[in-house]
Amino acid sequence: MHFERTQYEYMKIIGLTGGIGSGKTTIANLFEFLNIPVYYSDVRARFLMENDPIIINSMKEHFGNQVYSDTGILNRKFLGEIIFKFDAERTWINAIVHPAVGIDFSHWILNQQSKFVLKESALLIETLSIQPVDKIILVIASLPIRIQRVSKRDQLSEAEVKRRIRIQISDEERIKFANYIITNDGNKSIIQQTLKLYKTILSDLTND
């Protein structure tokens with residue numbers, strides 16, 4: 001799906017992305033504290049996978065009923081083991097979920113009142129052709145910290161986390177597309193970095 005930007009030309013869309021464990025959600029939360037609306041693509045994708053009948057039926061037909069619990073909750077562990085091992089399966093899921101997320105976002109943004117909004121998406125750069133943005137914020141963090149975060153969050157071994165990181169594009173590749181960069185190694189400087197970036201974005205939008 002290609003967005004029709006004419007619906008909300010007055011509002012700038014700032015993409016927020018970063019590799020697994022980079023801490024981009026923390027940065028998104030800080031922007032929300034500054035009253036900037038944030039669309040969490042990954043959260044909404046999960047919501048749609050648990051609530052959109054077309055997606056649910058497609059998932060069950062493709063992976064079997066075990067992809068959901070008896071109460072309709074997505075079996076993220078089961079799904080993660082598949083999509084991080086098999087490129088074709090990951091591509092298949094993206095093909096049915098990303099268009100739905102695009103429609104969901106287009107509805108969401110029409111209800112926002114702000115000079116700019118953030119669109120958080122782990123796969124923003126890989127899918128720019130179907131989710132264009134005006135600027136991109138890249139969140140980076142050192143590899144040891146990323147591994148530690150993901151291991152703790154998802155209860156994964158270090159080897160498994162490294163394997164998942166390798167599947168994604170590198171920060172070196174992401175930097176080529178980034179307009180702004182925040183380093184999130186877990187210290188208090190992220191507050192100062194975010195506040196400074198907030199002011200910079202407002203200034204840039206004024207000058208555009």
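In this structure, the separation between CD on Glu173 and CD1 on Ile125 is 8.0 Å, given to the nearest 0.5 Å. Here the CD1 atom belonging to Ile140 is positioned 11.5 Å from the OG atom belonging to Ser170, to the nearest 0.5 angstrom. From Phe47, atom CZ reaches atom CD1 of Ile55 across 10.5 Å, with rounding to the nearest 0.5 Å. One distance of note links CD1 of Ile136 with CG of Asp134; it measures 10.0 Å at 0.5 Å rounding. Rounding to the nearest 0.5 Å places OG1 of Thr194 at 4.0 Å from CD1 of Ile27. The line from CZ of Phe84 to CD of Glu89 is 13.5 Å long, rounded to the nearest 0.5 Å.
Residue pairs that meet the salt bridge (charged side-chain N to carboxylate O under 4.0 Å, His left out) test with at least one member in residues 53-64, sequence neighbours left out, do not exist here. Among pairs with a residue in residues 90-111, those fulfilling salt bridge (charged side-chain N to carboxylate O under 4.0 Å, His left out) read Arg44-Asp104, Asp87-Arg90, at least two apart in sequence or across chains. Counting only residues at least two apart or in different chains, side chain to side chain donor-acceptor pair (under 3.5 Å) contacts with residues 66-80 comprise Ser69-Thr71, Lys77-Glu81. Screening residues 17-37 for side chain to side chain donor-acceptor pair (under 3.5 Å) gives Asn29-Tyr40, Glu32-Tyr40 as the qualifying pairs, with residues at least two apart or on separate chains.
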Stepwise side-chain contact (heavy atoms from CB on, under 4.5 Å) check, Lys176 with Ile169: CA-CA 11 Å; Lys176 297 176 184 178; Ile169 63 173; over 6 Å; no
Where do Val97 and Met59 land on the side-chain contact (heavy atoms from CB on, under 4.5 Å) test, with the steps shown first? CA-CA 10 Å; Val97 175; Met59 294 282 287; 5.5 Å; no
Please determine whether side-chain contact (heavy atoms from CB on, under 4.5 Å) holds for the pair Leu74 and Val67, giving the CA-CA distance in whole Å, both sets of side-chain angles, and the decisive distance to 0.1 Å. CA-CA 6 Å; Leu74 186 67; Val67 74; 4.2 Å; yes
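Between Ile36 and Ser114, the closest heavy-atom pair is CD1-OG, 3.9 Å. Heavy-atom minimum distance, Gly15 versus Leu124: CA-CD2, 3.6 Å. Minimum interatomic distance between Lys135 and Asn179 (heavy atoms only, all atoms of both residues): CA-OD1, 3.2 Å. Summarising the geometry of Leu30 relative to Ile190, their closest heavy-atom pair is CD1-O, 3.9 Å, with the distance given to 0.1 Å. Taking every heavy atom of both residues into account, Met11 and Ile109 meet most closely at SD-CG1, 3.7 Å. A pairwise comparison of heavy atoms in Gly23 and Asn184 identifies O-ND2, 3.0 Å as the closest pair.
Within a 6.0 Å radius of CD in Gln148, no more than 12 heavy atoms belonging to other residues, nucleotides or ligands are found. With a 6.0 Å radius and a threshold of 12 heavy atoms from other residues, nucleotides or ligands, Ile73 has its CD1 atom above the threshold. The neighbour count for Phe78 CZ, taken as heavy atoms of other residues, nucleotides or ligands under 6.0 Å away, is above 12.
Every residue two or more places apart in sequence or in another chain that forms a salt bridge (Lys or Arg N to Asp or Glu O under 4.0 Å) with Glu160 is listed here: Arg163, Arg164. Qualifying side-chain hydrogen bond (donor to acceptor under 3.5 Å, both in side chains) partners for Tyr180, counting only residues two or more places apart in sequence or in other chains: Asp204.
Connection of Phe116 to Leu34 is established within a shared hydrophobic cluster, with ILVMFWY side chains joined at heavy-atom distances below 4.5 Å, either directly or through further cluster members. Connection of Val38 to Leu205 is established within a shared hydrophobic cluster, with ILVMFWY side chains joined at heavy-atom distances below 4.5 Å, either directly or through further cluster members. Criterion: ILVMFWY side-chain heavy atoms under 4.5 Å apart, direct or through other members. Under it, Ile181 and Leu118 are not part of a common hydrophobic cluster. Cluster membership check: Phe31 shares its hydrophobic cluster with Val43, using side-chain heavy-atom separations under 4.5 Å among Ile, Leu, Val, Met, Phe, Trp and Tyr. No path of Ile, Leu, Val, Met, Phe, Trp and Tyr side chains, each step under 4.5 Å between heavy atoms, connects Leu16 with Leu138, placing them in separate hydrophobic clusters.
We find that Glu50 and Arg46 are not joined by a salt bridge, their nearest charged nitrogen and carboxylate oxygen being 4.0 Å or further apart.
No donor-acceptor distance shorter than 3.5 angstrom exists from the side chain of Glu120 to the backbone of Ala28, with no hydrogens or angles considered.
Using a 4.5 Å cut-off on side-chain heavy atoms (C-beta onward), Val133 and Phe177 make no contact. Contact check for Leu195 versus Ile191: no side-chain heavy atoms found under the 4.5 Å cut-off. In this structure the side chain of Ile165 reaches within 4.5 angstrom of the side chain of Ile147, judged on heavy atoms. For the pair Leu156 and Val150, the minimum side-chain heavy-atom distance is below 4.5 Å. Leu123 has its side chain within reach of His98: a pair of non-hydrogen atoms, C-beta onward, lies under 4.5 Å apart.
The aromatic ring centres of Phe86 and Trp92 sit 6.0 Å or more apart.
Of the candidates Ile201, Leu202, Thr200, Tyr198 forms a side-chain contact (heavy atoms from CB on, under 4.5 Å) with just one, namely Leu202.
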